[in-house]
Amino acid sequence: MTKNRHELPRKKPGRAAKDEIAEELPTLEPVVDELPTLPSADDLPTLEAADEVVDDGPVKITIAAGGEASFDTVVTVEIPAMDKKAVVDAFRPALQRRLAAAVSQLRHRRVLVRFTGDAVVGSAGKEAVAELLKPHLPLLGVVRRGFGDETIAQGKLPEVAVSSAEVGGITKVEVATGELDPIDLPLALSGHLAPLLVAARGKRVTFVFTGKAKPDAALRAQLGKQLQDAGALRGAIGERVLFDLELAQRVQCTVAGDVVTMAVKPAADDAVTIDALSLVLPEHAAACKGRTVRIQLQTAVAKAREFCIDFAKKHGAQRIEVAEAGAESQVVWPKLITATAAGGELLLRLQANGRSRAALLAALQQEAGEHAAAAKGKVVVVDWPAGTAVDGEAETVLHAVLAATGGKGLVATIGGEQREPFAPAPIQFRADGELQVVRVDSEAGKPAELQRAFDRRLPQHHKDLRGKPVRIQIAGSGALSRTLLRSLCGALEAAGAKRLELEESGAVDVLLPPLLKITRTADAVRIQAHTDGRDEAQQAKAMVRELDVAALAAGSSVAIEPSGAAEAIAKVVIGKGAGRVVLAGSQPVQLFPPLFAPVDKKGTAVRLVATPNGDAAMVGRQLERELAAVLAGLGPVANATVTVVFPGADPAAEPVGKLIAGLVGKKPAKVMFEAAAGKAVQVHPPVVVAPPPVPPMASGAVAASAAPAAAAPVAAAVAPGGRLLTVLAKRDDAVPPIVVLGVEAGTEADHLAAVEAQLSEHLPRLARRSVLLVLQRGGQDVPVRKSDALVDLLRRVVSGGAAATLVFRGPDAQGRPHFQVLHSTLRALPVGATFGDPRQRR
């Protein structure tokens, strides 16, 4: 009867269809392989009860262990008063559910099913209990329903056939399970274990199971523990080793702080060693995560080493060290090298990860070859850890890295900085007889990188350099910076080089010893030259370089000691603005300013003006020196009147007489001599009336009558060495005075030297003028479209004294010839401004 007073539907006799189907289904064998370990039940969250609760109706069922002396399990079914016919249907579903949930309390147990309550349980109820209890295989089933104990089921304990034998030193235990269900295997085997365990002490025991039932993980663990407790040396189930004390003794794992130590004693057979590792290490897998794993191999065994390394990596080791045969531990993981390719370089960044210096160098050589494919055709850059000292040992390793990778070059950095090339060698020291050659590859790196390479290699060659001639040989198409060159020269000089040369593009420049010895006094600068085997080109380079360093003040008085380089030195110091230049010695002679100004020709009137400066003997020597050039510069003077202006001079004196004789030899119409201002006398052809006596030349008078060089007229042509300079136009009344100077075009070295020499002699006459430069070829103007060596020369030389320097650019966009300002000291002529050609009619 239900709570709504309705009767339950009658149950048809017979078995439920679902029970019949369940019997026909095959029994599945339990999975024998170990499954992943699930978290402990204590760590699982507490689940809330399901919303739907199965209602057993008026029946109450409890299942308890024991309670009756003869029974293992007591099932109590309490049924309230109801129609007898409804009893079975009332308790059957609930009892079926409860029995299914208590399988372990029923299988092969003595079970009592006891009915209580006011309901009458008939034979149908007993049969229903027997039906429901039978699938659970009780050893004994009894129903108590008020008619005494009624046996409804009887069974027998599961059995297996067990035999054992000694085979090859192993106790082999064969267990034949037949058709036994796997769930019954522990119970069936338990009765045979006692004698087997007693006999297992000191033995190697292997269980072999045949038949339907195989041991699950729980049974395997139980057997392993029981065999170990019984003193067995080894326990196995088939090929699965449960434990092996002999193997376990070969592998000892300990944990101390953040370090897991695996001490391994390898066997002679690698397979035995691997078995030992496979048996022991899994127990310590969790300990490896996030720790340093230190592998200690008593002897070096490659397979054991790799097995341990792979195991530690797989289980999350942070770092792996290996020590073999008592040697020092070496870090083997993470890898030392991290490779990154960028452009034409392969960067190998080194991370020590606790490696010692020796271990780092060894690991670098070992790992370098792994990057050979990536390094092909690239420069290999080795980035050492910050603070690494790259000494000779490290440099040897770097060359080994290059050989292993096959890169086309090698560079090293330290912590990403201090880049330094190593291969191809940026700096090479070699001996060429007595000469010590320092070869510098200008393309090997930036100046700072080459400086580091030089500083690294210099100390080991100090002994070879001391007291020897040394040549810096620059290889490559790049030019060394001045700062780097000065540094190299200074270091080699400090190393004791007695002579220092610089070879660049096949030309050799001698840097030490100095060409010039320059001393300064209160009123003059004295220059002495020591050529020391330098050729003319080397002398020219040295004197320009050393005079630039000397920085002579404009207008300085310079005395040059006699030597083969004296004339060249004079040209340079004149070009640098010296006010007076004297060739010193026992017979000193003034080289600059020259005695004679450029020849002034106007039609048939030729005027030659001398500006004597100094004593009569000095003026005589100066006249002797300049005479040939003056006569050559006159050109043809036939039918011309030549006037010589020579303040305070006596035309009858020997040096002046040579000048007049030379002039007469060119067959002019007349030669006039003006010793005093405005008082010219004819000296050729001779006149009938004798000329008034000429007072003797006095140095004071000469000095008083000398005109400033800047005020002297500009020559119409300059001829020494060939006609290279021509005055095309001039205006002396302009402010400042203007001169248009034609210059023969050309950029050959000899041509440039000749132009500079001729121009330097006449710079004082261009002083404080606006100099308009016109390049010419064959008498035709050559417009300057872009700067070349000649324009650079003219700008440098002329700008030293001119008020402004302009260059002829040719016609502009409107076809108007014009000049452009290259240099200016005048506000009215700013640099870069353009002006029309003053030679054009307007």
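Looking at Leu133, Ile61, Thr62, Leu132 one by one, the single match for side-chain contact (heavy atoms from CB on, under 4.5 Å) with Val75 turns out to be Ile61.
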Test side chain to side chain contact (heavy atoms under 4.5 Å, CB included) applied to Thr206 and Ile237, step by step: CA-CA 6 Å; Thr206 298; Ile237 297 178; over 6 Å; no
Verdict with supporting geometry, Ser329 and Arg294, side chain to side chain contact (heavy atoms under 4.5 Å, CB included): CA-CA 8 Å; Ser329 293; Arg294 186 170 295 144; 3.8 Å; yes
Worked verdict on Lys313 versus Trp333 for side chain to side chain contact (heavy atoms under 4.5 Å, CB included): CA-CA 8 Å; Lys313 284 183 185 178; Trp333 191 86; 3.2 Å; yes
Step-by-step side-chain hydrogen bond (donor to acceptor under 3.5 Å, both in side chains) determination, Thr292 to Asp258: CA-CA 6 Å; Thr292 295; Asp258 290 334; over 6 Å; no
Stepwise side chain to side chain contact (heavy atoms under 4.5 Å, CB included) check, Glu150 with Lys126: CA-CA 9 Å; Glu150 299 173 279; Lys126 181 185 72 170; 3.4 Å; yes
Working for side-chain hydrogen bond (donor to acceptor under 3.5 Å, both in side chains), residues Glu166 and Thr171: CA-CA 5 Å; Glu166 293 286 334; Thr171 300; 2.5 Å; yes
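The pair Asp229-Lys225 meets the salt-bridge criterion, with a side-chain N (NZ, NE, NH1 or NH2) lying under 4.0 Å from an Asp/Glu carboxylate O. Using a 4.0 Å cut-off between charged nitrogen and carboxylate oxygen, Lys378 and Glu345 do not count as a salt-bridge pair. A salt bridge links Arg305 with Glu324: the closest approach of a Lys/Arg side-chain nitrogen to an acidic carboxylate oxygen falls below 4.0 angstrom. Residues Asp244 and Arg234 are paired through a salt bridge, judged by an N-O separation under 4.0 Å between the basic side chain and the carboxylate. With respect to the salt-bridge test (charged N to carboxylate O, under 4.0 angstrom), the residues Arg92 and Glu131 qualify.
In plain terms, the two heavy atoms of Pro138 and Val111 that are nearest each other are CB-CG2, 4.1 Å. Annotation for Ala375 and Val380: closest pair CB-CG2, 3.9 Å, computed over non-hydrogen atoms.
You'll find the side chain of Ile63 reaches within 4.5 Å of the side chain of Arg98, heavy atoms only. Side-chain atoms of Glu393 and Arg357, non-hydrogen and from C-beta on, do get closer than 4.5 Å to each other.
Partners of Arg107 by salt bridge (charged side-chain N to carboxylate O under 4.0 Å, His left out), not counting sequence neighbours, listed by chain and number: Asp181, Asp184. In terms of the side chain to side chain donor-acceptor pair (under 3.5 Å) criterion, residue partners of Thr76 (sequence neighbours excluded) are, by chain and number, Arg114. Partners of Phe311 under the ring-ring contact (aromatic ring centres under 6.0 Å, His included) rule, at least two apart in sequence or in another chain, are His315. Judged as a ring-ring contact (aromatic ring centres under 6.0 Å, His included), and not counting sequence neighbours, His284 has no contacts.
Each salt bridge (charged side-chain N to carboxylate O under 4.0 Å, His left out) pair with one or both residues in residues 262-272, not counting sequence neighbours, would appear here, but there are none. Sorted by first and then second residue, the ring pair (Phe, Tyr, Trp, His ring centres under 6.0 Å) pairs with a member in residues 84-106 read Phe91-Phe115; sequence neighbours excluded.
The environment of CZ in Arg319 is crowded: more than 12 heavy-atom neighbours from other residues, nucleotides or ligands sit within 6.0 Å.
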